[in-house]
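Below, chains carry the letters A, B, ... as their sequence lines are ordered, and counting in each starts from 1. Both backbone and side-chain heavy atoms feed into the values below; hydrogens, waters and symmetry mates do not.
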There are 2 protein chains.
Amino acid sequence: MSSSPASNPPAAPVRTKRVGRQLTPDQIVEASLRIAARGSADAFTIRRLGDELGSDPTAIYRHFRDKDELMLTVADRMHGEVLDNVPDGLDWRDRLRALAAAAHAAAVKYPIVASSTASRTTRRVNEFRIVELILGALAEAGLDGADAALYYRVVGDSMLAYTGQYAAYLLVEPGVRASDEASWSGEYRLADTARFPHITRLGDELPAITHEAIYEARFEALIIAIEHLAAERRAAAGDAGTAS
Amino acid sequence: MSSSPASNPPAAPVRTKRVGRQLTPDQIVEASLRIAARGSADAFTIRRLGDELGSDPTAIYRHFRDKDELMLTVADRMHGEVLDNVPDGLDWRDRLRALAAAAHAAAVKYPIVASSTASRTTRRVNEFRIVELILGALAEAGLDGADAALYYRVVGDSMLAYTGQYAAYLLVEPGVRASDEASWSGEYRLADTARFPHITRLGDELPAITHEAIYEARFEALIIAIEHLAAERRAAAGDAGTAS
DNA sequence: ACCTGAACACCGTTCAAGT
DNA sequence: ACCTGAACACCGTTCAAGT
């Protein structure tokens, strides 16, 4: 952005020589997201981040304590994108499904971020918003108190685990991933029939399962479990009502 | 093992000078498991493995293509320990529960192994045995064909994701882990009441949830989903039987 | 107040040289 | 046939020096 020298806020010392070299935390986070979006093509390193910013790599340490703190801040921005993609006005089931779909999309877009924060708590604002969203869905489903707290952790941790696992898979070397991918139609198809009768019997079905189907079934299992517990609690409350 | 020079298999050139310095793949795997069992206290590096073996670190490359291949072999040994801890004679539910408990224990014992293979396929014998075990349980539950194949992946991948997530958590620096751990009784307790009413309402319940309870509830959700699908299939088969 | 760049203490892996 | 050790191409991070 070039502007005429005297048209800026009064008394602000303008040093055009430095324009573009002054870093802000936002610039660092945005450069991080750009690198992260390159996936396995580009390793996420402090040196690469320096390149991306056109500055010395160690300048980043003037704005973030270490790489871990940077990554948690980057993760919070990713969580913001996730929330932007969850529409309003859905019932609790579709709200959780939309959240799961958005989290999955974000993990595919920024695999290094999803992978390296899957076991962590960011304790930042968008994580609070996601917790609140899940707790709201669980309340609507009919869970409260310790049930709601436990199932928040079940849903939240599972979403992190599933997306983190897939993100890490997207980051393994293409050659290695290809041979992992081929195992169901390769090694497993050649399994000894006598020793592994079930594997043999499902030789056609196992290679046909897609990641999308697995992710959906895993998440639907959580929804079924929530419905199951809510029904149990309703039944218990109904009995109590009848008994009193 | 020292022995008198001439008492060994005939014509085998015995070089006592080299005893203890000749590496075998098994020795390398066992040294790897010892290092892995030290958890976050000791980083799992090729150099440390060399120390543990009393040899030059690069000698390992005479027996394993790279660190990845070594880690997959080590993971297979871990899977063997998991299987050793699954008793015979259980029904499908308790067999899956025992597998989940054994996998969890192994992840706690060897966190770096569970963490670094959570997105991978070892394609080795003990993985085959675990797949066979899960498929057997699903068959007993009443799932077959594409259902069994899908739910194998749901159960297997989920077990890897859950144990890998927790293992990675055990490996984060103790100071960082402590502050993550304290978040529910710290930052989350201070959340703005107006903006985060659900979080505020569950301020007492959220910090009380234990990792064990979460792991159990996640796994029970899978069992419920299996029962649910099996019941659906039985109902459909019953209807078809009635209709024909 | 912020950026730079040399430097430190690490990594996994390769390769020529030993035995 | 296997092991050694120097070396390469990396890491995250610190710190004295610049502006």
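Residues passing the salt bridge (charged side-chain N to carboxylate O under 4.0 Å, His left out) test with Glu181(B): none are found, sequence neighbours excluded. Here Asp84(A) pairs with nothing under the salt bridge (charged side-chain N to carboxylate O under 4.0 Å, His left out) rule; sequence neighbours left out. Listed by chain and residue number, Asp68(A), Asp180(B) satisfy the side chain to side chain donor-acceptor pair (under 3.5 Å) test with Arg120(A) (two or more places apart in sequence, or in another chain). Residues forming a salt bridge (charged side-chain N to carboxylate O under 4.0 Å, His left out) with Asp204(B) (at least two apart in sequence, or on another chain): Arg189(B). Every side chain to side chain donor-acceptor pair (under 3.5 Å) that Arg48(B) has, sequence neighbours left out, goes to Asp42(B). Qualifying side chain to side chain donor-acceptor pair (under 3.5 Å) partners for Arg47(A), counting only residues two or more places apart in sequence or in other chains: none. Take Glu132(A) and apply the side chain to side chain donor-acceptor pair (under 3.5 Å) test, not counting sequence neighbours, and it matches no residue.
Between Ile46(B) atom CD1 and dC3(D) atom P the separation is 14 Å, expressed in whole Å. Note: CD (Gln22(A)) to C1' (dC3(C)) measures 8 Å, nearest angstrom. Regarding Glu173(A), its CD atom lies at a distance of 9 Å from the P atom of dT13(C), rounded to whole Å. Asp51(A) has its CG atom 13 Å from the P atom of dG5(C), to the nearest Å. Counting to the nearest Å, the P atom of dG12(C) and the CD1 atom of Ile112(B) are 10 Å from each other.
For Arg47(A), taking side-chain heavy atoms from C-beta onward, the closest of the listed nucleotides dC3(D), dG5(D), dT13(D) is dT13(D).
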Pairs of donor and acceptor atoms involving the side chains of residues 153-162 of chain A, under 3.5 Å and at least two apart or interchain, shall be tabulated with distances.
from      : atom 1 : to        : atom 2 : distance (Å)
Ser158(A) : OG     : Val154(A) : O      : 2.6
Ser158(A) : OG     : Arg218(B) : NH1    : 3.4
Tyr162(A) : OH     : Tyr162(B) : OH     : 2.6

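Heavy-atom distances to DNA chain D give each of Pro57(A) and Thr24(B) a nearest nucleotide, and the one nearer the 5′ end belongs to Thr24(B). Each of Thr45(B) and Asp56(A) has a nearest nucleotide on DNA chain C; the 5'-most of these lies closest to Asp56(A).
Sorted by first and then second residue, the ring pair (Phe, Tyr, Trp, His ring centres under 6.0 Å) pairs with a member in residues 110-137 of chain B read Tyr188(A)-Phe128(B), Phe196(A)-Phe128(B); sequence neighbours excluded.
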**OP:** Give the dot-bracket string for DNA chain C, reading 5' to 3', where a pair is Watson-Crick or G-U wobble with both distances under 3.5 Å, ( ) marks pairs inside the strand, [ ] marks pairs crossing earlier ones, | marks a partner on another strand, and . marks unpaired.
**Re:** ||.|||||...|||||.||
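Using a 4.0 Å cut-off on heavy atoms, none of the residues of residues 28-35 of chain B approach DNA chain C. Shown for residues 60-72 of chain B: residues whose heavy atoms fall under 4.0 angstrom of DNA chain C, namely Tyr61(B), Arg62(B), Asp66(B), Lys67(B).
Considering every non-hydrogen atom in both Ala43(B) and Ile35(B), the closest pair reads O-CG2, 4.0 Å.
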Subject >> Verdict with reasoning, Arg124(A) to Glu187(B), per salt bridge (charged side-chain N to carboxylate O under 4.0 Å, His left out) >> reply: CA-CA 9 Å; Arg124(A) 282 160 173 77; Glu187(B) 289 88 341; over 6 Å; no
